[in-house]
Amino acid sequence: MPTSKPADGGAHEALVQRLRSDASPMPIVIALGPLTNIARLVQAEPEIARRIPLLVVMGGAVDCPGNVTPWAEFNVWNDPEAANTVLASGLNIRLIGLDVCNRVRLRPEDVVHADKQVRRMMQAWFARRDTGDEFAMCDPLAVSAAIDTSLFKFERTPVQVVTEGEQRGRTIRASQTSSIDVAVEVDVERATALFRQRLSLY
């Protein structure tokens, strides 16, 4: 069971406190939801934010359709202004979007060796999602990008977010903002094998 407890105050305040410490190494930050709290950190404490050695973001759909609108992915669509702030911040960012997430999927047979709780969780996802017998492993794939970059091919490019109009939440290549590493290819076989192997440990 976990031994840690929720931090006092807001998420960006907890990040400030952690990044101000003398702990080494500084923590890699993996953002698996909307970027509201990271944007607050960037806006309130830009110098502190720059101490993050790597920010992995699960979000966006640069060269593919979105999953909540034809253009927008869920996390970016929820707070496109925050996403725009973070992607233009100059931080060291790896963007793991639907371009690669939709390619790595697990099937029910992939979880048969996991423990009962993990199986129940995954089976619930299979039942709730309108994806047939497959489930895209978006969040785990983002975590894997912090562990093994060789799973991916990245393209260094500036990205900005459309914040108004019909295409609100769309992530597009830009020309006048900071460059980030956008995942454009993934080794599907190795990534799927990694997930199967990790699930078998529980």
Side-chain angles (χ1 to χ4, degrees), residues 1-62 66-68 72-101 121 137-152 154-164 168-183 198:
M1 297 298 292
T3 58
S4 59
K5 297 180 180 179
D8 295 328
H12 73 285
E13 295 167 334
L15 280 168
V16 168
Q17 183 177 1
R18 177 68 177 83
L19 292 165
R20 275 181 173 158
S21 73
D22 294 326
S24 181
M26 283 288 107
I28 291 173
V29 176
I30 305 174
L32 302 179
L35 292 170
T36 308
N37 290 315
I38 306 297
R40 287 176 177 166
L41 170 65
V42 168
Q43 292 170 331
E45 300 281 357
E47 293 300 321
I48 295 294
R50 279 193 274 273
R51 300 191 72 185
I52 298 174
L54 172 64
L55 172 63
V56 180
V57 174
M58 192 278 112
V62 178
N67 59 2
V68 290
E73 176 274 333
F74 177 84
N75 289 340
V76 173
W77 175 80
N78 261 274
D79 194 343
E81 291 82 8
N84 216 21
T85 295
V86 173
L87 297 182
S89 65
L91 298 182
N92 180 27
I93 296 174
R94 292 178 193 159
L95 186 68
I96 310 300
L98 298 183
D99 306 82
V100 290
C101 290
M121 178 182 70
M137 302 297 288
C138 297
D139 290 353
L141 193 64
V143 174
S144 72
I147 299 170
D148 186 357
T149 57
S150 72
L151 290 170
F152 303 90
F154 291 96
E155 181 179 318
R156 188 79 175 167
T157 184
V159 174
Q160 69 181 54
V161 182
V162 177
T163 58
E164 297 179 349
R168 177 176 166 86
R170 183 177 185 179
T171 44
I172 59 175
R173 286 180 172 80
S175 58
Q176 296 180 338
T177 187
S178 300
S179 293
I180 64 172
D181 290 321
V182 177
R198 295 303 299 175

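This is a predicted model, so every value here is computed, not measured.
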Within the 4.5 Å heavy-atom criterion, are I172 and V159 side-chain neighbours or not? no

Pairs satisfying salt bridge (charged side-chain N to carboxylate O under 4.0 Å, His left out), at least one member in residues 27-46, at least two apart: R20-E45

What are the two closest non-hydrogen atoms of N78 and P80, and how far apart are they? C-CD, 3.8 Å

Can you tell me how far the CE atom of M58 sits from the CG atom of L32, to the nearest 0.5 Å? 8.5 Å

As a quick check of understanding, evaluate side-chain contact (heavy atoms from CB on, under 4.5 Å) for N37 and L35, giving each step before the final call. CA-CA 6 Å; N37 290 315; L35 292 170; over 6 Å; no

Quick one: which residue pairs count as a salt bridge (charged side-chain N to carboxylate O under 4.0 Å, His left out) with a foot in residues 74-85, not counting sequence neighbours? E81-R168

Quick one: closest heavy-atom pair of P27 and P53, and the distance? O-CD, 3.4 Å

Heavy atoms of C138 and L98 approach each other most closely as SG-CD2, 4.4 Å

Passing option when L55 is tested against L87, V86, N92 for side chain to side chain contact (heavy atoms under 4.5 Å, CB included): V86

Does any pair with a residue in residues 86-100 pass salt bridge (charged side-chain N to carboxylate O under 4.0 Å, His left out), and if so which ones, sequence neighbours excluded? none

Please report the C-alpha distance between Q43 and T85 in whole Å, then the side-chain angles of each, then the deciding distance to 0.1 Å, and finally whether the side-chain contact (heavy atoms from CB on, under 4.5 Å) criterion is met. CA-CA 8 Å; Q43 292 170 331; T85 295; 3.8 Å; yes

List the residues meeting side chain to side chain donor-acceptor pair (under 3.5 Å) with E13, not counting sequence neighbours, and say none if there are none. none

For N84 and V162, indicate whether the former's side chain and the latter's backbone hold a donor-acceptor pair under 3.5 Å. no

How many angstroms lie between CG in D8 and CD in Q17, if you round to the nearest 0.5 Å? 8.5 Å

All ring-ring contact (aromatic ring centres under 6.0 Å, His included) counterparts of F152, not counting sequence neighbours: F154

In this structure, OG of S144 is separated from CZ of R198 (nearest 0.5 Å) by 11.5 Å

Atom pair CD1 (I93) and CG (L54), whose distance is rounded to the nearest 0.5 Å: 9.0 Å

Taking the side chain as every heavy atom from C-beta outward, state whether E155 and R173 have any pair of such atoms under 4.5 Å apart. yes

Flag the pair T36 / I38 as yes when at least one side-chain heavy-atom distance between them is below 4.5 Å, and no otherwise. no

Which heavy atom of E73 sits nearest a heavy atom of G59, and at what distance? OE1-CA, 3.3 Å

What residues, two or more places apart in sequence or in another chain, satisfy side-chain contact (heavy atoms from CB on, under 4.5 Å) together with A49? L41, V42, L91

Atom of A61, atom of T171 and distance for their closest heavy-atom approach: N-OG1, 2.9 Å

For a 4.5 angstrom cut-off between non-hydrogen side-chain atoms, does I96 reach C101? yes

Non-hydrogen side-chain atoms of L15 and V29 separated by less than 4.5 Å: yes

Tell me the closest heavy-atom pair linking G60 and V76, and the distance in Å. N-CG2, 3.5 Å

